Amino acid sequence: MSRFLLATSVAVLLAGGPALAADESRLPPPNAKKLSEILAKVEQRDGFRYVKEVDWDSGAYVVTYYTSDKAKVEITYDPVTAEPK
């Protein structure tokens, strides 16, 4: 019984390790600007109306917003510099 428990515990730890590592790579770097600072820049753009969505993809923030003339705009921002890529 104890061998079974040990084997099960090891299997769970080995299977869960890569999943935990993958989650950490999906986080902004420690020196990243606050998301609120990046969104404040977006709100200052000409014709800005509202933010539709913010995603974290490939190490950058992807902000989708609409303008007052109903145009959809998608901009990728560097998380450290808060500048468009």
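This one's a predicted model, so the numbers in the text were calculated from it and none came from an experiment. The figures that follow rest on heavy atoms only: side chains count, while hydrogens, waters and symmetry mates do not.
For the atom pair Ser68 OG and Tyr66 OH, the distance stands at 14.0 Å (nearest 0.5 Å). Annotation: the span from Ile38 atom CD1 to Thr81 atom OG1 amounts to 8.0 Å, rounded to 0.5 Å. A distance of 6.5 Å separates CG in Asp55 from OG1 in Thr64, rounded to the nearest 0.5 Å.
In this structure, Lys85 places its NZ atom where more than 12 heavy-atom neighbours from other residues, nucleotides or ligands lie under 6.0 Å away.
Grouping the Ile, Leu, Val, Met, Phe, Trp and Tyr side chains by contacts below 4.5 angstrom, directly or via other members, places Val73 with Leu39. Following chains of ILVMFWY side-chain contacts shorter than 4.5 Å, one cannot reach Val80 starting from Val63, and the two form parts of different hydrophobic clusters. A continuous path of hydrophobic side-chain contacts links Ile75 to Leu35 [ILVMFWY only; heavy atoms under 4.5 Å]. Hydrophobic cluster membership differs between Val42 and Val62, with clusters built from Ile, Leu, Val, Met, Phe, Trp and Tyr side chains linked at under 4.5 angstrom. Cluster annotation: Tyr77 and Val54 are assigned to the same hydrophobic cluster (Ile/Leu/Val/Met/Phe/Trp/Tyr, side-chain heavy-atom contacts under 4.5 Å, transitive).
When all heavy atoms of Lys41 and Ala82 are compared, the closest pair comes out as NZ-O, 3.1 Å. Taking every heavy atom of both residues into account, Pro79 and Pro29 meet most closely at CG-CD, 4.0 Å.
The shortest distance between side-chain heavy atoms of Glu53 and Glu74 does not fall below 4.5 Å.
Using bins of under 30°, 30° to 60° and over 60° for the plane-to-plane angle, the ring pair Phe48/Tyr65 lands in the tilted bin.
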